[in-house]
Student: 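Submitted below is the structure of interest, expressed as structure tokens.
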Amino acid sequence: MLGRPGLSRTGSFRPENLGQNALHMIGNLCFTIFVIGVLVFTIIAATYEPEDPLFHPSTKLTTFLTSTSNATFQSDNTVVKTGEDFMAANQTAFAAFINVTDVVEIKEERTDQTSSSECEGDSRKPLNCRDPEVFHLMMKEAIERFKDIHFYRFGKPAPGPEENTCDMAWRFRPKEGKTAAFYKDYRRFVINRSENCTISVVSIGDYHSGVNARKRKNKNQKPGFEKTSGKQEQVVAALPVVGETVNDSLPVVESENAFSHGKYLIYVGGGDRCKSMNHYLWSFLCALGEAQYLNRTLVMDLKLCLSSIYTSSNQDEEGKDFRFYFDFEHLKEAASVLDHEQFWQDWNKWQKKDGLSLHLVEDFRVTPMKLSEVKDSLIMRKFGLVEPDNYWYRVCEGETESVVQRPWHLVWKSRRLMDIVSAIASKLNWDYDSVHIVRGEKARNRDLWPNLVQDTSPDALISTLQNKIEDGRNVYIATNEPDTPFFDPLKDKYSTHFLDEYKDLWDENSEWYSETKNLNNGVPVEFDGYMRVSVDTEVFLRGKKQIETFNELTNDCKDGINTCNTASS
């Protein structure tokens, strides 16, 4: 019309096609949004790193605390996790164990001309424990005798107190071990030499009976026999070795010049004292993490206050030593730390003379990042009286969480306590199953745990365990039930064992007692509630089969009625 050409109506704009086109456009839009979402998620997943290994909990130990922005805790009196719990078991390091076939049998070549009188003379001579034939016989007998462990290193034998005894040490690990650690044992061998000069092992002593073979570890000393390569030895060196002689003496600064050129960080005051061990470690690792971030030496107080939840007096107890509970030797070798008493002695001697300065911080909201340019010799964080703002771990919250990492790998459990664990497991030949039975306060609270009493009764346990553990097995029972005869009916089916059976490992005649007494300036140390739960838990975790109370013995929830989904999330 009016000379203008009309618009041509293409197929795509026909009314009958408009709905189909709209669906195509919506589909394309949704697909585009989906692709963008996947891309964003992939980038986040590839770049995100959790701040602490705490967020990767073990399936056997429940999460012991929860840190949130308002600084609340879910804290209990269970054993805390330490660096070993987060180590991946390096199968390459553990694969190079020693088999019987690796031990070459050495036989003395004796000619037909050797007279019986010559042999008789040899048989009356004192036994030479360093004789290769004796050494190889001892290794072979140990491997054949202890079938549930793998051997990784044998030390050279040492003469025992009697002429026919030799002591030998070895590094080992249980065949079905789940923790990233090695163990050391040393035992006494009684050896017989017959009239025709053949030798045989008469008996092998108990755990740690071969005290003459117990030597301080020496990095330059070659072992008697091992298969570990140089590369594997580097991996092994990074793992705990339970049973080695512990050297947890306090570090000292070697000279005035070294002290004056050092940079230090100290935390003073706060509300963390006498809290649970979970709380203590969470705060201590924050301080240690900040010191490492600032490249400073952490000045720490080795004297702890043990919370009443762990004491027999039900009162908070001061004067406990960090070294009773944790591996200070590993800490001082892997990080820069000083005991605060030694530090203040040196500071008072040289501070004025050398012009050493102090930078005081009284607000936890002053982040480590803001302190990174401080040049003063000492940064002192001073905490007030108002909880929870005076908790040390508040320093590591907020923006600091993504910058300062808690160095879990630096804190290991006390090797003295772990040696007790190893001794108990060795007495059971590392061939036992374990059951964790929770009773106590939870069993008395029927409102939150209505079935726990019945489900943990002897009859119920026998019924439940018969499909889980074979008859006749050694069964270690970790429990908070003080009346262990309560479980006597289980003895008809199993050989049951409890922590208190092994009191000799911490009584006044034990290595643990004498060593902790020396640490405590000659004052005997009580084997307290935290030590008990620590050892009990670790022995449980070394069982071949591990049966937990919640989810396996009862349908009640660990944290009370209607909390099972929350606990598992």
Side-chain angles (χ1 to χ4, degrees), residues 67 69-73 75 250-251 253 259-307 316 318-322 331 335-401 403-407 410-411:
S67 175
S69 57
N70 63 357
T72 58
F73 273 94
S75 181
L250 300 181
V253 180
F259 184 86
S260 299
H261 283 84
K263 302 293 183 183
Y264 308 95
L265 171 70
I266 189 170
Y267 281 32
V268 177
D272 304 272
R273 205 155 187 85
C274 303
K275 295 295 193 294
S276 72
M277 199 67 82
N278 304 328
H279 184 128
Y280 167 78
L281 199 61
W282 192 240
S283 285
F284 174 73
L285 283 170
C286 174
L288 190 57
E290 181 180 24
Q292 291 208 309
Y293 173 78
L294 296 174
N295 196 25
R296 288 175 174 263
T297 296
L298 179 67
V299 180
M300 60 180 289
D301 184 357
L302 268 74
K303 293 300 181 184
L304 311 182
C305 174
L306 190 66
S307 169
D316 295 337
E318 290 279 2
K320 301 293 184 177
D321 197 300
F322 179 93
L331 176 61
S336 182
V337 294
L338 279 177
D339 175 53
H340 79 124
E341 291 184 0
Q342 180 66 48
F343 171 80
W344 286 122
Q345 288 178 14
D346 293 342
W347 179 268
N348 292 332
K349 279 193 296 185
W350 298 319
Q351 183 257 331
K352 290 184 179 179
K353 177 182 176 183
D354 297 335
L356 307 180
S357 57
L358 181 151
H359 183 88
L360 181 64
V361 180
E362 296 186 278
D363 188 345
F364 74 87
R365 288 167 293 192
V366 177
T367 67
M369 294 78 81
K370 293 179 181 178
L371 300 176
S372 59
E373 300 300 322
V374 172
K375 304 299 183 185
D376 299 88
S377 300
L378 174 63
I379 295 177
M380 175 187 288
R381 279 196 181 270
K382 191 173 182 180
F383 295 82
L385 301 175
V386 180
E387 298 186 19
D389 286 349
N390 64 349
Y391 293 160
W392 292 4
Y393 65 76
R394 298 302 305 271
V395 172
C396 294
E397 292 180 339
E399 62 179 307
T400 305
E401 276 190 308
V403 179
V404 174
Q405 305 293 308
R406 281 182 173 83
L410 297 179
V411 179

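These values consider heavy atoms only, across backbone and side chains, with no hydrogens, waters or symmetry-generated copies.
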Student: With sequence neighbours left out, write down each residue that passes side-chain hydrogen bond (donor to acceptor under 3.5 Å, both in side chains) with Glu387, or none if nothing qualifies.
Tutor: Lys275, Tyr391
Student: How close do Ser283 and Trp392 get, heavy atom to heavy atom, and via which atoms?
Tutor: CB-CB, 3.6 Å
Student: Check for me whether the distance between the ring centres of Tyr264 and Phe259 falls short of 6.0 Å.
Tutor: yes
Student: Which heavy atom of Met380 sits nearest a heavy atom of Leu358, and at what distance?
Tutor: CE-CD1, 3.9 Å
Student: Going by the rule salt bridge (Lys or Arg N to Asp or Glu O under 4.0 Å), which residues pair with Asp376 if we only count those two or more places apart in sequence or in a different chain?
Tutor: none
Student: Tell me, please, which residues at least two apart from Ser260 pass side-chain hydrogen bond (donor to acceptor under 3.5 Å, both in side chains).
Tutor: Asp354
Student: In Å and rounded to the nearest 0.5 Å, what is the CH2 to NE2 distance from Trp347 to His340?
Tutor: 15.5 Å
Student: Taking Glu318 first and then Arg273, would you say they form a salt bridge - that is, a charged N and a carboxylate O separated by under 4.0 Å?
Tutor: yes
Student: Tell me whether Arg406 contacts the main-chain N or O of Gly289 through its side chain, where contact means a donor paired with an acceptor under 3.5 Å.
Tutor: no
Student: Can you give me the closest heavy-atom contact between Lys263 and Lys375, atom names plus distance?
Tutor: NZ-O, 2.6 Å
Student: Check step by step if side-chain contact (heavy atoms from CB on, under 4.5 Å) holds for Leu371 and Tyr293.
Tutor: CA-CA 10 Å; Leu371 300 176; Tyr293 173 78; over 6 Å; no
Student: When you compare the side chain of Pro251 with that of Asp339, does any pair of heavy atoms fall below 4.5 Å?
Tutor: no
Student: To the nearest 0.5 Å, what is the distance between CG on Leu265 and CG on Leu378?
Tutor: 8.0 Å
Student: With rounding to the nearest 0.5 angstrom, report the SG to CG distance, Cys396 to Leu288.
Tutor: 10.0 Å
Student: Taking Leu356's backbone N and O only, do any of them form a donor-acceptor pair with Gln351's side chain (distance below 3.5 Å, no angle check)?
Tutor: yes
Student: Go through the steps for Thr367 and Glu399 under the test side-chain contact (heavy atoms from CB on, under 4.5 Å), then give the verdict.
Tutor: CA-CA 8 Å; Thr367 67; Glu399 62 179 307; 3.8 Å; yes
Student: Is the CG atom of Asn295 crowded by more than 12 outside heavy atoms at less than 6.0 Å?
Tutor: no
Student: Any chance you could measure Glu341, atom CD, to Asp346, atom CG, to the nearest 0.5 Å?
Tutor: 12.0 Å
Student: Work out which heavy atom in Asn390 is nearest to a heavy atom in Asp272; give both atom names and the distance.
Tutor: O-OD2, 3.7 Å
Student: Looking at CZ of Phe322 and NZ of Lys303, how far apart are the two atoms once the value is rounded to the nearest 0.5 Å?
Tutor: 13.0 Å
Student: Could you go through the side-chain contact (heavy atoms from CB on, under 4.5 Å) check for Thr297 and Val253 one step at a time?
Tutor: CA-CA 11 Å; Thr297 296; Val253 180; over 6 Å; no
Student: Would Lys370 and Val361 count as a side-chain contact (heavy atoms from CB on, under 4.5 Å) if you check the C-alpha gap in whole Å, the side-chain angles of each, and the deciding distance to 0.1 Å?
Tutor: CA-CA 11 Å; Lys370 293 179 181 178; Val361 180; over 6 Å; no
Student: Return the minimal non-hydrogen interatomic distance between Pro368 and Leu294, and the atom names on each side.
Tutor: O-CD2, 3.4 Å
Student: Considering non-hydrogen atoms only, spot the tightest contact between Leu410 and Ala335 and give its length.
Tutor: CD1-CB, 3.7 Å
Student: Under 3.5 Å, is there a donor-acceptor pair between the side chain of Arg296 and the main chain of Ser377?
Tutor: yes
Student: Measuring from atom CZ of Phe364 to atom CZ of Arg381, what distance do you get when rounded to the nearest 0.5 angstrom?
Tutor: 10.0 Å
Student: Only one of Tyr267, Phe284, Phe343 forms a side-chain contact (heavy atoms from CB on, under 4.5 Å) with Met300, so which one is it?
Tutor: Phe284
